[in-house]
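Working notes for the structure below.
Quick caveat: nothing in here was measured; it's all calculated off a predicted structure.
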Amino acid sequence: MLKQNGYAQYQNAKIMTASPAELTLMLYEGAIKFGNMAVVAMENKNPAKAHENIVRVENIIQNFRDTLDKKYPIWEEFEKIYVYLLRRCHECNIKKDPEIMEEVLKHIRSMRDNWKEVMKKVASDKSNPSAQARVAGGRGNAAGYTASASAAKLTGA
């Protein structure tokens, strides 16, 4: 019990000190983790556990959708992607078909990998210290703290 409490405290501290960019990466990782757990549950004929983890994936995708910044034209493309992924998660939950979740995971992994590349490029862009600060951010970053509560709730920390 003490180990679990210590781990939970560590995870909470990690989330509370993360930058908005790191929180986004954590959400992608959480969606992948829960998606993998859903696949295992479906393969083990455990529909309740599969449902629980599919809903967690849906919650993370919905969070991404809810936080789209509509001042950038690309938001509409991301909206279409998130709506599609949510529809596939719903289908997966109804059919309990691990192949559908594998498809969703393929897309989420691709998005996560692209996000990592964006983070690397911004972090190495010495001509834009403001962007670097937002990626490195963390402690004292008001935006990070606002998003951190959502991340903790969605990732189960």
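In plain terms, the two heavy atoms of Ile61 and Cys89 that are nearest each other are CD1-SG, 4.0 Å. Closest heavy-atom contact between Ala38 and Ile54: CB-CG1, 3.7 Å. Nearest heavy-atom pair across Trp75 and Leu68 is O-CD1, 3.7 Å. Leu86 approaches Glu58 most closely through the heavy-atom pair CD2-O, 3.5 Å. Here the closest non-hydrogen pair linking Ala21 and Met119 is O-SD, 3.8 Å. Minimum heavy-atom separation, Ala50 to Ala41: N-CB, 3.4 Å.
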Under the salt bridge (Lys or Arg N to Asp or Glu O under 4.0 Å) rule, what do Glu77 and Lys80 come out as? Steps first, then yes or no, please. CA-CA 5 Å; Glu77 296 305 314; Lys80 290 175 188 174; 3.7 Å; yes
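Contact check for Ile32 versus Val57: no side-chain heavy atoms found under the 4.5 Å cut-off. Put simply, the side chain of Leu23 reaches to within 4.5 Å of the side chain of Met26, judged on heavy atoms. No side-chain heavy atom of Val83 sits less than 4.5 Å from a side-chain heavy atom of Arg87. For the pair His107/Ile81, no side-chain contact is recorded, criterion being any heavy-atom separation below 4.5 Å from C-beta on. Residues Asn59 and Val55 have side chains in contact (heavy-atom distance under 4.5 Å, counting atoms from C-beta outward). At least one side-chain heavy atom of Met111 sits under 4.5 Å from a side-chain heavy atom of Phe78. Side-chain contact check for Tyr28 versus Lys116: every heavy-atom pair is 4.5 Å or farther apart. Looking at heavy atoms from C-beta onward, Met101 lies out of side-chain contact with Asn53 at the 4.5 angstrom threshold.
Expressed to the nearest 0.5 Å, how far CD of Glu52 lies from CE of Met37 amounts to 7.0 Å. Here CD1 of Ile108 is found 12.0 Å from CG of Asp113. Values are rounded to the nearest 0.5 Å. From Ile94, atom CD1 reaches atom NE2 of His51 across 11.0 Å, with rounding to the nearest 0.5 Å. With rounding to the nearest 0.5 angstrom, the CZ atom of Arg88 is 4.0 Å from the CD atom of Glu103.
Judged purely by atom type and a 3.5 angstrom limit, Ser124 uses its side chain to pair as donor or acceptor with the backbone of Lys120. Side-chain atoms of Asp97 come within 3.5 Å of backbone atoms of Glu99 as a donor-acceptor pair (strictly under, hydrogens ignored).
No continuous path of ILVMFWY side-chain contacts below 4.5 Å connects Ile60 to Val40, so the two sit in separate hydrophobic clusters.
Each of His90, Lys95, Met42 was compared with Ile100 under the side-chain contact (heavy atoms from CB on, under 4.5 Å) criterion, and only Lys95 meets it.
Aromatic ring pairs are classed by plane angle as parallel below 30°, tilted from 30° to 60° and perpendicular above 60°; the pair Tyr82 and Phe64 is parallel.
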